[in-house]
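Counting from 1, the numbers follow the sequence of the chain as shown. What you are looking at is a predicted structure, and each value in this text was computed from that prediction instead of being measured.
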Amino acid sequence: MESQLVHYEIKDKVAIVSLDNPPMNALDVPTKECIRDVFTELDAKRNEIRVVILQGANKAFAAGADIKAFLDLQPDTAKRRLMRSHSMYSVVENCEWPVIAAIHGYCLGGGLELALCCDIRYADETAQFGFPEVGLSIFPGNGGTRRALYMTNLGRMKELVYTGEMIKADEALRIGLIEKVVPAGTALEKALELAAKIMKKGPLGVAAAKKVLNRTRDLTLEQGLELESDVWASLAATEDMKEGARAFVEKRKPEYKCK
């Protein structure tokens, strides 16, 4: 799928999705709908890909919402808007394959919330992060108040949200919002290197691990262990699990078929 706002290419089983709403990739309603449509289309092409990389094509990863659209909102229309946004963010978060965010420039508000939907975040040293919503007398409403708490502590999250301060990539790394800081201009390159490492492993195992890691976050220990054991046991019915074991015993590289 190609659009003026979001486009992608697939190369060597890596789908590179680019936000392209210049100059700062504001996440207005049409852009969010395009993101949802692209990830839905990629889900239908799951046999053609193993990793997705999400990046901004312009001066930023994504610098939040289209603020002008807020002027006409009322509680009922705001609620509908947020529920549509939640649906889009969920499509990204629940993509079958790992999604890596390659971040440069501003990653603010809804843009940071979008990055938090990704499995792994690599940011170049130019990146700046923040939740500036309180400057508009609102707060992060696209899942940020929940997802960020999986990465950083409650006190630091409250500090970011209450002040609206922007932080640099090294601070975002220190508090756990991102996984790596890389030299300026190399976020996509480093994300592709990570994708290559992931693709050497059993694809069904990677997808199953993602499912369990995402779904057990809010379960009790007992519930999480039950889900983990169910998903792990289901892999015993796959050819890839047997191939991985045979290759290990025979001291060779496995040839996974994703079956």
Side-chain angles (χ1 to χ4, degrees), residues 1-20 31-57 61 86-103 114-122 147 179 187-217 227-250 252-259:
M1 175 180 175
E2 294 290 334
S3 78
Q4 293 181 336
L5 298 173
V6 183
H7 48 83
Y8 73 86
E9 61 175 332
I10 298 175
K11 184 176 181 180
D12 298 328
K13 293 189 178 295
V14 178
I16 301 175
V17 179
S18 301
L19 309 178
D20 197 0
T31 302
K32 289 180 179 179
E33 290 176 346
C34 287
I35 293 170
R36 178 201 61 205
D37 292 345
V38 162
F39 273 83
T40 300
E41 186 169 330
L42 289 175
D43 184 61
K45 295 184 175 184
R46 64 174 64 90
N47 292 332
E48 300 176 30
I49 62 176
R50 294 292 178 268
V51 178
V52 179
I53 296 175
L54 179 61
Q55 67 167 356
F61 177 76
H86 289 170
S87 176
M88 180 279 288
Y89 283 94
S90 180
V91 170
V92 175
E93 184 172 47
N94 294 314
C95 175
E96 181 172 4
W97 303 114
V99 181
I100 305 167
I103 302 168
L114 179 59
L116 293 174
C117 292
C118 300
D119 296 283
I120 300 166
R121 287 151 294 280
Y122 277 16
R147 292 187 177 97
E179 282 61 59
L188 178 59
E189 174 190 343
K190 299 302 182 182
L192 285 167
E193 291 176 3
L194 176 61
K197 292 179 181 179
I198 294 171
M199 289 191 296
K200 292 178 181 178
K201 307 306 177 182
L204 296 183
V206 171
K210 173 173 179 172
K211 179 189 297 185
V212 170
L213 289 168
N214 278 359
R215 293 184 182 179
T216 57
R217 292 184 300 194
L227 175 62
E228 180 186 75
S229 60
D230 286 344
V231 175
W232 197 100
S234 70
L235 293 172
T238 66
E239 296 178 18
D240 275 9
M241 182 180 183
K242 304 299 191 297
E243 167 60 13
R246 281 194 298 267
F248 181 83
V249 171
E250 296 169 4
R252 61 174 175 81
K253 291 184 179 180
E255 298 180 7
Y256 294 117
K257 304 298 184 182
C258 205
K259 294 181 180 179

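- Applying the side chain to side chain contact (heavy atoms under 4.5 Å, CB included) test to Ala209 and every residue at least two apart in sequence or in another chain returns nothing.
- The side chain to side chain donor-acceptor pair (under 3.5 Å) analysis of residues 188-208, with sequence neighbours excluded, yields no pairs.
- The residues Glu250 and Arg252 are annotated as salt-bridged, a charged nitrogen and a carboxylate oxygen being separated by less than 4.0 angstrom.
- Heavy-atom minimum distance, Leu235 versus Gly205: CD1-CA, 4.3 Å.
- Scored by the salt bridge (charged side-chain N to carboxylate O under 4.0 Å, His left out) test, Arg121 finds Glu179 as partners (sequence neighbours excluded).
- The two atoms that bring Trp232 and Met241 nearest to each other are CH2-CE, 3.6 Å, heavy atoms only.
- No more than 12 heavy-atom neighbours from other residues, nucleotides or ligands sit within 6.0 angstrom of CG on Asp12.
- The two residues Val212 and Thr216 make their nearest non-hydrogen contact at O-OG1, 2.8 Å.
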Start with the C-alpha distance between Glu48 and Lys13, add both sets of side-chain angles, then the distance that settles side chain to side chain contact (heavy atoms under 4.5 Å, CB included), and finish with yes or no. CA-CA 6 Å; Glu48 300 176 30; Lys13 293 189 178 295; 5.8 Å; no
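- Nearest heavy atoms, Tyr256 versus Gly244: OH-CA, 3.9 Å.
- Between Asp240 and Lys257 no salt bridge is recorded (no basic side-chain N to carboxylate O distance below 4.0 Å).
- Comment: Glu243 engages Arg246 in a salt bridge, judged by a side-chain N to carboxylate O separation of less than 4.0 angstrom.
- Contact record, Leu19 with Phe61: CD1-O, 3.4 Å, taken as the closest heavy-atom pair.
- Checked against salt bridge (charged side-chain N to carboxylate O under 4.0 Å, His left out), Glu33 has no partners two or more places apart in sequence or in another chain.
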In residues 90-100, what donor-acceptor pairs under 3.5 Å come from side-chain atoms, sequence neighbours left out?
from  : atom 1 : to     : atom 2 : distance (Å)
Ser90 : OG     : Asn94  : ND2    : 2.9
Glu93 : OE1    : Arg147 : NE     : 3.3
Glu93 : OE1    : Arg147 : NH2    : 3.0
Glu93 : OE2    : Arg147 : NE     : 3.0
Glu93 : OE2    : Arg217 : NH2    : 2.9
Asn94 : ND2    : Ser90  : O      : 3.1
Glu96 : OE1    : Arg46  : NE     : 2.8
Trp97 : NE1    : Arg46  : O      : 3.1
Trp97 : NE1    : Ile49  : O      : 3.3

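- With sequence neighbours excluded, no residue forms a salt bridge (charged side-chain N to carboxylate O under 4.0 Å, His left out) with Arg215.
- A pairwise comparison of heavy atoms in Ile103 and Ala187 identifies O-CB, 3.7 Å as the closest pair.
- The main-chain N or O of Ile10 is never found under 3.5 Å from a side-chain atom of Lys45 such that the two would form a donor-acceptor pair.
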